[in-house]
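Read through the structure below, which is laid out as structure tokens, and then see the notes.
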Amino acid sequence: MTRFTRWAALTAAAALLTAGCSGGGPPKDDSGRDEKGGGDSALDWGRCEATEDGPAPGDEWQCATLEVPLDWSKPDGGTIGLALIRAEATGDDRIGSLLFNFGGPGGSGVSTLPAYADMAADLRERYDLVSWDPRGTGASGGVRCRDDKAIEAAESSVDWTPDTPAEERVFLKDAADFGKGCQKAAGKLMAHVSTTDTARDMDRIRQALGDDRMHYFGISYGTELGGVYAHLFPDKVGRMTLDAVVDPTADAIGHAKNQTRGFQTALDNYLRSTGRDPEEGSREIADLLDRIDAEPLPTSSSGRELTQSLAIIGIVLPLYSESSWPALTSALEAAQDGDGTELLALADGYNERDASGGYGTTTHAQRVISCLDDKQRPTVEETKKLLPEFEELSPVFGPFLGWDTAGWCHDWPVPGQFETPEVSAPGAEPILVVGNTGDPATPYEGARRMADELGEGVGVVLTWKGEGHGAYGSGSDCVDSTVNAYLLDGTVPQDGKVCS
């Protein structure tokens, strides 16, 4: 089961390069913390290590580990090591550090930042580029809830849009088993990977980097994290950019509805680009998914079949970027002809499945973090009442995202913490909020709502009339120059500025 919340470029970047970082790891008890206690350690930057997933990123990159409290309510207790990576500023007029979070939740900043560095080359002239693996991800106590064989078995045996009582039982049992696997893997960490915990980690990172203010670039889920940080530490906010903005006013069901609308809008735009009527094209795709649900399609991938659930994920991935629309056209045409190979390859790309059958763990950490955040736990009965509304929003994505509200955190071992995140930040410096009108995963409306919630005089909205998930670095000189002027020179644009 997969929620469509992470930044698509995160997946692409991880496939290009996985950077290692010595240190990090699972929580330590009191006997393992540094002598200063509470994780207040200096950063000892050194060479980034290669991992089994990929080579080291190169000599310009440095890695370090920062010990922070496992439980922020007990700052002198046990600690967890956070893996960090940086590339120092190339120019002489250095502002400080610019901390990146690329979304998820669950994404590895240590793996992603080196692949993103070319896009941020202008920013690096005056900033050290810094990112980290948030707690519960990557080398910072990364959680793996089930092994590769179990993941592949679930892909083929669990219907994520169950049609019968038997399929419902399998669906719910799989969800509960996944949670138990997460609990076994994470242990004490399971209750301490919330967005609030990570926002507090961010401020400790700021201190360790020697910065008086937090200069930050958050993408997708990273915008929610940035908003929570701004609420907790408004007086420490420096130049903060939030791109591909999560709606902070939406609860778990509201977020699922937002994504249903967003992906349907992206699909409509894709269909129009091919000269097809969106309503007719969506119905044809929904009919194709129904046929695959009844009889999975064969593929050329070692006897694997394309299930309905994998087909949906295969359709979702290319909607994250307009440049991938031709791949979607080819995959859909092949599937209509009875060959699921191309859609399966797209789904594997989203699920971080490599050629040897190994899977990444981004979605594991994503679920552990989001289920600790979200209080809402819809029952099957409540979900069934919602399904007609989801199906009305989108015949393609509605059933999947509707059922996801019941299965995602079903029988979860720890309770959720809030209905919606608190992001009000009175007194903070202006925060640049960037929204893309064609964003499928974090629909544009979230940008205005984030700015409103941050507060008057704090949230400043920049709109891009474009396609894909995220705006910066997506081909708009207007967006890039506006963001660069803000981050590099402190020039705050007029609220409501539009780049077309």
Side-chain angles (χ1 to χ4, degrees), residues 6-14 16-19 21 43 45 48 57 60-64 66 82-90 94-135 137-140 195 198-199 201-206 208-209 211 213-230 236-246 362 365 431-434 442 469-474 479-480 483-484 486-488:
R6 56 194 168 124
W7 186 46
L10 182 155
T11 305
L16 289 170
L17 175 66
T18 300
C21 181
L43 291 172
W45 294 103
C48 295
E60 65 182 322
W61 295 96
Q62 299 173 312
C63 286
L66 177 66
L82 302 180
L84 281 79
I85 188 169
R86 77 170 179 183
E88 294 181 289
T90 57
R94 179 180 176 275
I95 296 171
S97 303
L98 182 61
L99 189 67
F100 287 82
N101 181 278
F102 297 99
S108 166
V110 171
S111 297
T112 305
L113 184 59
Y116 188 80
D118 286 348
M119 192 181 298
D122 290 341
L123 301 176
R124 189 183 171 191
E125 290 182 10
R126 300 191 63 196
Y127 287 102
D128 296 346
L129 304 185
V130 181
S131 193
W132 83 111
D133 288 353
R135 53 174 63 206
T137 74
S140 301
T195 298
T198 295
D201 291 345
M202 286 172 59
D203 202 59
R204 184 58 60 86
I205 292 171
R206 177 193 61 79
L209 292 171
D211 290 338
R213 299 245 174 191
M214 170 63 74
H215 305 303
Y216 175 75
F217 201 129
I219 301 167
S220 196
Y221 162 78
T223 65
E224 179 180 323
L225 178 58
V228 171
Y229 177 89
K236 298 301 181 184
V237 171
R239 298 174 188 175
M240 179 177 286
T241 296
L242 309 179
D243 184 12
V245 186
V246 174
T362 299
I431 295 172
L432 184 57
V433 180
V434 187
T442 51
H469 189 35
Y472 185 78
S474 295
V479 170
D480 293 355
V483 172
N484 288 347
Y486 167 73
L487 289 173
L488 295 173

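Being a predicted model, the structure only gives us computed values, none of them experimental.
Of the possible polar contacts, none joining the Thr241 side chain to the Leu432 backbone as a donor-acceptor pair under 3.5 Å is found. Judged by distance alone, the side chain of Thr137 and the main-chain N or O of Ser108 form no donor-acceptor pair under 3.5 Å. Panel note: side chain Arg213, backbone Val237; a donor-acceptor pair is recorded below 3.5 Å. For Arg124 (side chain) and Glu88 (main-chain N/O), a donor-acceptor pair under 3.5 Å exists by modelled atom type. Asp133 places no side-chain N or O within donor-acceptor distance of the main-chain N or O of Ala83, the cut-off being under 3.5 Å. In terms of modelled atom types and a separation under 3.5 Å, the side chain of Asp243 and the main chain of Tyr472 share a donor-acceptor contact.
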Stepwise side-chain contact (heavy atoms from CB on, under 4.5 Å) check, Thr442 with Thr223: CA-CA 10 Å; Thr442 51; Thr223 65; over 6 Å; no
Yes or no on side-chain contact (heavy atoms from CB on, under 4.5 Å) for Trp132 and Leu113, after CA distance, side-chain angles and deciding distance? CA-CA 9 Å; Trp132 83 111; Leu113 184 59; over 6 Å; no
Working for side-chain contact (heavy atoms from CB on, under 4.5 Å), residues Ser131 and Thr112: CA-CA 8 Å; Ser131 193; Thr112 305; over 6 Å; no
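Leu43 and Ala64 make their closest contact through CD2-CB, 4.2 Å (heavy atoms, listed as atom of the first residue, atom of the second, distance). Of all heavy-atom pairs spanning Gly238 and Tyr486, the tightest one is O-OH, 4.0 Å. Val228 and Ala199 get closest at one heavy-atom pair: CG1-CB, 3.9 Å. Residue Leu488 comes nearest to Ile95 through the heavy atom pair O-CD1, 3.5 Å, listed as atom of the first residue, atom of the second, then distance. Of all non-hydrogen atoms in Ala230 and Ile431, the two that sit nearest each other are CB-CD1, 3.9 Å. In terms of heavy atoms, Leu66 sits closest to Ala208 at CD1-CB, 3.9 Å.
If you run side-chain contact (heavy atoms from CB on, under 4.5 Å) between Val130 and each of His215, Arg86, Arg206, Gln62, only Arg86 comes through.
Note that OG1 of Thr198 is 6.0 Å distant from CZ of Arg135, once rounded to the nearest 0.5 Å. Remark: Met240 CE to Leu98 CG distance equals 10.0 Å, nearest 0.5 Å. The structure places CZ of Arg126 at 11.5 Å from CG of Asn484, a figure rounded to the nearest 0.5 Å. Summarising the geometry, atom CG belonging to Leu209 is positioned 7.0 Å from atom CG belonging to Leu99; distances are rounded to the nearest 0.5 Å. Note that CD1 of Ile205 is 10.0 Å distant from OH of Tyr216, once rounded to the nearest 0.5 Å.
Taking the six-membered ring for Trp and thresholds of 30 and 60 degrees, Tyr116 and Phe217 have ring planes more than 60 degrees apart, a perpendicular arrangement.
A heavy-atom distance below 4.5 Å is not found between the side chains of Ser140 and Asp201. Using a 4.5 Å cut-off on side-chain heavy atoms (C-beta onward), Val479 and Ser474 make no contact.
The closest side-chain donor-acceptor pair between Tyr229 and Asp203 falls under 3.5 angstrom.
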